[in-house]
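Written below as structure tokens is the structure these notes are about.
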Amino acid sequence: MASPALAHKITFVGGGQMAEALIGGLLAAKLCKPAQLWATDPVSSRLDHLKREYGVKVGGQNREATAWADVVVLAVKPQVMDAVLAELKTELAKALVLSVAAGVPIRRIADACGARTRVVRAMPNTPAMIRAGMTALAMGPGVREDDVACARQIFESVGKVVPVEERLMDAVTGLSGSGPAYVFLAIEALADGGVKMGLPRATSELLAAQTVMGAARLVLETGQHPAKLKDQVASPGGTTIAGLHRLELGGLRATFIDAVEAATKRSQELGR
């Protein structure tokens with residue numbers, strides 16, 4: 001069943017890729033009309049692109065756009081968040097604030113805008129651009145039930161949503177936020193292996209990408225543990241177990257775990 005349309009006016013402070021993904025998702029899901037969406041960005045070419053592609057309101061006046069909105073999505077880099085909060089603290093105190101800035105805690109936004117500011121911290125990932133994203137949501141103090149429903153609708157327009165405690169958001173960033181890049185690297189490496197064994201580059205890349213997508217869908221749709229699915233592929237004395245043995249010798253598991261840990265720690269650093 002389709003979700004009911006949102007009555008809210010939504011402003012995106014920052015018109016980059018994630019803002020565009022959400023704008024596209026909201027319009028494709030018919031949750032909003034273009035007149036309900038406003039995007040600001042310091043780069044005029046981004047605003048021209050968003051206006052041309054989606055027909056939304058655009059402009060560089062952050063305070064005017066934020067005062068107009070019921071919901072404000074802070075889609076800016078963590079490094080500029082403090083400046084944005086200082087500029088918009090009065091307007092943000094009256095809206096539902098959704099932040100997608102990696103590593104920026106809810107308290108930092110509330111301290112700047114007022115303790116009663118309703119803040120939802122979100123960590124989506126780049127597959128949101130094709131409506132296949134994964135978003136974790138953490139709710140700040142004072143967030144109402146209708147605010148939670150609104151936030152879920154917005155991010156479900158671009159994929160799946162899971163609620164988490166805020167203390168776990170840095171780990172979410174290290175896993176699903178940064179995770180697409182790890183998977184892209186794995187796809188590239190698998191494709192290179194195919195090329196090394198004689199496959200044409202385009203064929204090898206297609207085989208690798210489709211294999212990763214299919215394997216991920218198998219985990220999601222069957223609900224089975226990845227280890228069980230792995231064992232179903234690995235026949236005794238066969239090709240798969242030989243390949244798995246080599247991956248274990250190369251420390252693949254430990255390297256992936258270390259990558260998530262390193263990205264989590266970097267997210268923690270950005271929030272300080």
Side-chain angles (χ1 to χ4, degrees), residues 10-26 29 31 39 71-82 84-85 92 95-113 117-143 147-185 216 219-220 256-272:
I10 305 173
T11 285
F12 295 85
V13 180
Q17 287 188 339
M18 190 52 63
E20 181 174 359
L22 291 167
I23 289 169
L26 288 167
L31 290 174
V71 180
V72 179
V73 181
L74 297 177
V76 298
K77 299 293 185 186
Q79 294 87 343
V80 302
M81 179 62 84
D82 288 339
V84 169
L85 294 175
L92 291 175
L96 171 62
V97 180
L98 310 180
S99 172
V100 300
V104 177
I106 290 170
R107 176 179 289 182
R108 186 161 149 195
I109 298 172
D111 285 349
C113 303
T117 305
R118 293 140 50 217
V119 183
V120 176
R121 180 177 170 187
M123 175 44 58
N125 59 14
T126 55
M129 293 187 289
I130 59 165
R131 324 282 193 261
M134 184 70 242
T135 301
L137 297 178
M139 310 301 167
V143 171
D147 294 332
V148 175
C150 175
R152 286 193 68 101
Q153 274 191 277
I154 289 172
F155 288 98
E156 283 174 349
S157 75
V158 294
K160 294 183 180 295
V161 171
V162 63
V164 300
E165 297 177 41
E166 191 187 11
R167 65 184 181 84
L168 300 174
M169 285 296 276
D170 292 312
V172 170
T173 302
L175 175 53
S176 65
S178 300
Y182 314 154
V183 177
F184 297 148
L185 189 64
V219 172
L220 291 171
F256 271 126
I257 292 169
D258 288 347
V260 173
E261 181 180 18
T264 299
K265 289 180 177 178
R266 179 56 181 153
S267 179
Q268 293 168 342
E269 291 170 1
L270 289 171
R272 295 191 186 115

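Model, not experiment: these values are computed from the prediction.
The minimum heavy-atom distance linking M169 with A138 is given by the pair CG-CB, 3.9 Å. Smallest separation of non-hydrogen atoms from M18 and P124: SD-CG, 3.7 Å. The shortest non-hydrogen separation linking V158 to A21 is CG1-O, 3.3 Å. Shown here for T264 and V260, the closest heavy-atom pair between the two residues is OG1-O, 2.7 Å. Pairing each heavy atom of L92 with each of T117, the nearest pair is O-CG2, 3.6 Å. Smallest separation of non-hydrogen atoms from V100 and M123: O-CE, 4.3 Å.
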Does the pair V73 and T11 meet the rule for a side-chain contact (heavy atoms from CB on, under 4.5 Å), with working shown? CA-CA 6 Å; V73 181; T11 285; over 6 Å; no
Show the numbers, then the answer: is there a side-chain contact (heavy atoms from CB on, under 4.5 Å) between V119 and V143? CA-CA 7 Å; V119 183; V143 171; 5.6 Å; no
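Taking the side chain as every heavy atom from C-beta outward, T135 and V162 never approach each other to under 4.5 Å. No side-chain heavy atom of F12 sits less than 4.5 Å from a side-chain heavy atom of V76. Annotation: side chain of V164 is not in contact with side chain of L137 (no heavy-atom distance under 4.5 Å). Using a 4.5 Å cut-off on side-chain heavy atoms (C-beta onward), L74 and V97 make contact. The shortest distance between side-chain heavy atoms of L22 and I154 falls below 4.5 Å. For the pair P141/I106, a side-chain contact is recorded, criterion being any heavy-atom separation below 4.5 Å from C-beta on.
Rounding to the nearest 0.5 angstrom, the gap separating the CG atom in L175 from the CG atom in L168 is 11.5 Å. Distance check: I109 CD1 to L98 CG gives 9.5 Å after rounding to the nearest 0.5 Å. From N125, atom CG reaches atom CE of M134 across 8.0 Å, with rounding to the nearest 0.5 Å. Distance check: M139 CE to E166 CD gives 11.5 Å after rounding to the nearest 0.5 Å. The distance from atom SG of C150 to atom CG of L96, rounded to the nearest 0.5 Å, is 5.5 Å. Remark: T126 OG1 to F184 CZ distance equals 4.5 Å, nearest 0.5 Å.
Ion pair K160/E156 not flagged as a salt bridge, since none of the NZ, NE, NH1 or NH2 atoms sits closer than 4.0 Å to an Asp/Glu carboxylate oxygen. Classification of D170 and R121 as a salt-bridged pair holds, one side-chain N sitting under 4.0 Å from a carboxylate O.
Side-chain atoms of S267 never come within 3.5 Å of backbone atoms of T173 as a donor-acceptor pair (strictly under, hydrogens ignored). Panel note: side chain R131, backbone G24; a donor-acceptor pair is recorded below 3.5 Å.
The side-chain hydrogen bond (donor to acceptor under 3.5 Å, both in side chains) test applied to E269 returns R266, not counting sequence neighbours. Applying the salt bridge (charged side-chain N to carboxylate O under 4.0 Å, His left out) rule to D258 yields no partners; only residues at least two apart in sequence or on another chain are considered.
Other residues, nucleotides and ligands place more than 12 heavy atoms under 6.0 Å from the CD atom of Q79.
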